[in-house]
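First the structure, which I've put down as structure tokens, then a few questions once you've had a look.
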Amino acid sequence: MNSNSFVSISDITKEDMLELLSRAKYFEEHPNSKLLDGRVVATLFFEPSTRTRLSFETAVNRLGGRVIGFSDASTSSTSKGETLKDTIKMVSNYADLIVMRHHLEGAAKYATEVTDVPIVNAGDGANQHPSQTMLDLYSILKTQGTLDNLTITMVGDLKYGRTVHSLLMAMRHFRPKFRFVSCPELRMPEEYRKICEAEGIEYSEHTDFSPQVIAQSDIIYMTRVQRERFSDVMEYEKVKNLYTLRNSMLDVSKPSMRILHPLPRVNEINPDVDDNPKAYYFEQARNGVFARQAIITKALQIDIPNHDKR
Ligand code: CP
């Protein structure tokens, strides 16, 4: 196991997060720093992706490294029955770092147990998506000027949405207030509500995406209902269109409020929101390159020359 792996946002301290954010800022200012000369990064995507894979690969390319990997496991020997263990052991022969997405919860953690190459979790089932969380934190910090004492409203699929689970675990270090807006079937899982209770974090649950909730929010974090996690398609059909943010709903919001969404969206944000200055989801995705440059260089223990960590 390599201790520089990044599998869960819970694995790293508040100080680690602040250092990664500081690195992300550096890379936004110096995107083409050639710090990965001679390094190879593997991107193994057993599940579909647009943003995560392409922003990791952009990050490596901008850092001067090389990328190998696959975006579709059916083109790999997984389709012939090769196990995850054997795949990870093989790729460890070729790469200095492995970025992987897998549909099984715990797959990235398992990978760390079969290799000495650092593993970065690019999403494991409904569990965690820690690199998304770093770009979310970076986006919140850029738009709000602070991570402290913010009211974060999470809307939609709070049960299966791994991005909201990771974000909750990260934001708990910064005295947040949470508003959870979902139908009962997709409410925030008990383990995360219990963490809030144990740590004295204020949260409230709502089935109505009301003007009162919108007016309180510093960040509205919309999520897609995760069709791929439902075993019963009828259950998905019942809940898929329950919450849609429309431009007319934003009149009551604070001037500084910003809307985030990990994307892809389906119907959760009406396109009429896109031109509102409070819509930040496309810039948020762009921030993914800088956050992932930070994660890659940290996992490979590459110092940034002349960079003040604070
Ligand atoms: N946000 C996110 O994980 O997007 P992709 O599924 O396109 O990677």
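All values reported here derive from a predicted model rather than from experimental measurement. When a residue number appears, it is its place in the shown sequence, counting from 1.
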**Prompt:** Does CG belonging to D251 count more than 12 external heavy atoms closer than 6.0 Å?
**Reply:**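 It does: D251 CG has more than 12 such atoms within range.
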**Message:** Quick check on the hydrophobic clustering: are V7 and V114 connected, directly or via other members, by side-chain heavy-atom contacts under 4.5 Å?
**Reply:**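 Shared cluster, no.
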**Over 12 non-hydrogen atoms of neighbours within 6.0 angstrom of NZ in K109** = no
**Prompt:** Measuring from S166:OG to H129:NE2, what's the distance to the nearest 0.5 Å?
**Reply:** 8.0 Å
**Message:** Quick check for you: to the nearest 0.5 Å, what is the distance between H103 atom NE2 and N127 atom CG?
**Reply:**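 It comes to 13.5 Å.
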**Asked** Do the ring centers of Y26 and F290 come within less than 6.0 Å of each other?
**Response**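 Between F290 and Y26, which both carry aromatic rings, the centre distance is not below 6.0 Å.
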**Message:** Using 0.5 Å steps for rounding, measure from the OG1 atom of T52 to the CG atom of L135.
**Reply:**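 Taking OG1 in T52 and CG in L135, the distance rounds to 8.0 Å.
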**Request:** State plainly whether one hydrophobic cluster holds both L141 and F178, where clusters connect Ile, Leu, Val, Met, Phe, Trp and Tyr through side-chain heavy atoms under 4.5 angstrom apart.
**Result:**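 Both belong to a single hydrophobic cluster.
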**Item:** Distance, nearest 0.5 Å, that separates CZ of R246 from CG of D272
**Value:**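 Spacing of CZ (R246) from CG (D272) equals 7.5 Å.
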**Message:** Are there over 12 heavy-atom neighbours, none belonging to R51, within less than 6.0 Å of that residue's CZ?
**Reply:** yes
**Asked** side-chain contact (heavy atoms from CB on, under 4.5 Å) with V181: which of L242, D208, T153?
**Response** T153
**Message:** Counting only heavy atoms not in K85 (residues, nucleotides, ligands), do more than 12 fall under 6.0 Å from its NZ?
**Reply:**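 Counting other residues, nucleotides and ligands, NZ of K85 stays at 12 neighbours or fewer.
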**Request:** Look at the side-chain heavy atoms of Ile, Leu, Val, Met, Phe, Trp and Tyr, link any pair under 4.5 Å apart, and say whether L150 and L168 land in one connected group.
**Result:**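 Result: yes, single cluster for both.
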**Item:** Verdict with reasoning, N4 to K298, per side chain to side chain donor-acceptor pair (under 3.5 Å)
**Value:** CA-CA 8 Å; N4 297 309; K298 184 90 166 37; over 6 Å; no
**Asked** Between atom CD of E205 and atom CZ of F180, what is the distance when rounded to the nearest 0.5 Å?
**Response**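 E205 atom CD to F180 atom CZ measures 7.0 Å (nearest 0.5 Å).
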**Asked** Do D96 side-chain atoms and V40 backbone N/O form a donor-acceptor pair below 3.5 Å?
**Response**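 Here the side-chain-to-backbone pair exists.
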**NZ or CZ of R101 within 45° of F45 ring axis and under 6.0 Å** = no
**Request:** Start with the C-alpha gap between N61 and E57, add the side-chain angles, then the distance that decides, and say whether side chain to side chain donor-acceptor pair (under 3.5 Å) holds.
**Result:** CA-CA 6 Å; N61 284 314; E57 295 186 357; 5.9 Å; no
**Message:** Tell me if the centroids of the rings in Y192 and H165 come within less than 6.0 Å of each other.
**Reply:**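 So the answer is yes for these two rings.
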**Prompt:** Say you draw a straight line from CD of E199 to CZ of R175; how long is it, rounded to the nearest 0.5 Å?
**Reply:**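 Separation between the atoms: 13.0 Å.
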